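The model shown is predicted, which means the values in this text are computed figures rather than measured ones.
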Number of protein chains: 2
Amino acid sequence: MKLITRDTDYAIRAICFMAENKEEITSVSELVEKLKIPRQFLRKILQALNKKGVLTSFKGKSGGFKLRRKPQDIFITDLIKVFQGPLKLNKCIFKKKLCSSVDRCILREKIGEIEQRVVSELGLITVASLLNKR
Amino acid sequence: MKLITRDTDYAIRAICFMAENKEEITSVSELVEKLKIPRQFLRKILQALNKKGVLTSFKGKSGGFKLRRKPQDIFITDLIKVFQGPLKLNKCIFKKKLCSSVDRCILREKIGEIEQRVVSELGLITVASLLNKR
DNA sequence: CTAATTGATACTATTTTAGTATCATTTAAA
DNA sequence: TTTAAATGATACTAAAATAGTATCAATTAG
Ligand code: FES
Ligand code: FES
C-alpha cells in the first residue's frame, strides 16, 4: 500500500534539489547526474509538472526547468495529485450492493474519515518543510 | 491508492454474510450464489483465511467454513494483513539517500505519523461494527 | 550552423492484482 | 460401498498499474 509512487518520489527529489540549488534554471542533465534518476523517466515527470503548472520550462540550449512557485507554496499533495490522481482511499468498495441494506455503509464512512485525516495531515507538508531541517 | 484490495473486500463480504446468516457452516456454493463472487477466487480467499486462523474449514460433503472467532473479535485490519501484508504506508521512499543530509527525513516522519493514525482508526473497526447498524 | 536542450508521443518491461483450472482428498448420505 | 459435494493444494493465465525507454521534432544560445 503505497502512499507515494516512484514518479511522485522522483518529482519530490527533483523539486527539492531545484529549491536548494538556487540557480535559476536546472536542466535534466544536471538532475540526472546529481540524483541518479533515469533520464527519460525524469523528463516525462518534469514535462508533466510543467503542464500542471508546478514548473516552468525553457527550451533550447541552456534551457531547463525552474520552480514556478516558492517552496513553501508547493504542497506534497499537489505532487501526489499530478501523478496519482485525486487523493482518495475511498472508492465505494462494495458498490453499494452489500454492506448496507440501509443506505449507508459503516466501513465506507470510516474510510472516508480516515481519508480526511490523511489528506489534512499530508496537506500540511510543503517542499519548504522538507528542506528546513537540513 | 487503495486501502483495501479486491480480495480483502471479498473476504469482508463473505465474513459478514457468515456472521449474519447464523448457520454454523457455510459452503462456497452458497456464498457464490448469494454474493456473486467468482468461485475459484473466493475459494482461494477462504482457504487463506482458514490458514490464518480466521475461519475453520470442514471437508467433505456438506462441508464448508465457519468463523473461528466472534464478529466483534475479527478486525478489518486482520483481514487487510492476510491479503495485503503488514499495514505500512512508509517504506523509506528515499532510501535514506537524499531527503536528509542530517539523518532524519521529515517526509518519512510525517508519513509515519499518518500511518499511525490510519492504523489506529482502522484498528477500531470489527466485523461486528459493520453489521450493527443494519 | 550546430549542439544542447525541451515537447510530444509511442512503445516496452516489470510488478501487482485479479481470476481460472485441475487434480487430490475427505466425508455425508443414498 | 459407491458417489456426489465439498475443501486442500498448486500451478497457471489475464488484466491493470507502475516503471522505464526510444525517437523524432522544435527551439535557441553561442
Ligand atoms: S463501501 Fe459502498 S456501500 Fe459500503
Ligand atoms: S524517506 Fe527515507 S530518508 Fe527520507
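The main-chain N or O of Gln116(B) is found under 3.5 Å from a side-chain atom of Ser120(B) such that the two form a donor-acceptor pair.
Remark: P of dG7(C) and CZ of Phe58(A) are 11 Å apart, rounded to the nearest angstrom. At whole-Å resolution of the value, CZ in Phe41(A) and P in dA10(C) are 18 Å apart. Whole-Å rounding puts the Ile25(A) CD1 to dA4(C) C1' distance at 13 Å. Atom CG of Leu46(B) is separated from atom C1' of dA9(D) by 15 Å (rounded to the nearest Å). Atom pair Phe65(A):CZ and dT28(D):P shows a separation of 14 Å (rounding to whole Å applied). The NZ-C1' distance, from Lys66(B) to dT7(D), rounds to 16 Å in whole Å. Protein atom CD1 of Ile80(B) is 16 Å distant from nucleotide atom C1' of dT17(C), rounded to whole Å.
The phosphate of dA6(D) (OP1 or OP2) has no side-chain N or O of Ser57(B) nearer than 4.0 angstrom. Distances shown here put a side-chain N or O of Lys51(A) below 4.0 Å from the OP1 or OP2 atom of dA8(C). The phosphate of dA19(D) (OP1 or OP2) has a side-chain N or O of Lys2(A) nearer than 4.0 angstrom. Listed pair Ser27(B) / dA5(D) fails the phosphate criterion, with no side-chain N or O lying under 4.0 Å from OP1 or OP2. One finds no side-chain N or O of Tyr10(B) lying less than 4.0 angstrom from the OP1 or OP2 phosphate oxygen of dA18(C). In this structure, Ser29(A) does not reach the dA4(C) phosphate: none of its side-chain N or O atoms is under 4.0 Å from OP1 or OP2. Taking 4.0 angstrom as the limit, Asn50(A) places none of its side-chain polar atoms (N or O) nearer than this to OP1 or OP2 of dT6(C).
Nucleic acid contact class of Gly60(B) (heavy atoms, under 4.0 Å, all strands): base.
Considering all non-hydrogen atoms of both residues, Asp9(B) and Ile4(B) come closest at N-CG2, 3.8 Å.
Both Val28(B) and Lys59(A) lie close to DNA chain D; mapped to their nearest nucleotides by heavy-atom distance, the more 5′-ward contact belongs to Val28(B). In this structure, Gln40(B) and Arg39(A) both approach DNA chain C, and ranking their closest nucleotides by distance from the 5' end singles out Arg39(A).
Side-chain atoms of Gln47(A) come within donor-acceptor range of the base of dG7(C), with a qualifying N/O pair under 3.5 Å. In this model, a side-chain donor or acceptor of Arg43(B) finds a partner on the base of dG8(D) within 3.5 Å.
Comparing atom distances between the Lys61(B) side chain and each of dT27(C), dG7(C), dA19(D) picks out dT27(C) as nearest.
For the ring pair (Phe, Tyr, Trp, His ring centres under 6.0 Å) with Tyr10(A), the qualifying choice from Phe83(A), Phe17(A), Phe41(A) is Phe41(A), the only one to do so. The side chain to side chain contact (heavy atoms under 4.5 Å, CB included) test with Arg68(A) singles out one residue from Asn50(A), Asp73(A), Leu55(A), and that residue is Asn50(A).
Hydrophobic clustering, with ILVMFWY side chains joined whenever heavy atoms are under 4.5 angstrom apart, keeps Val82(A) apart from Phe75(A).
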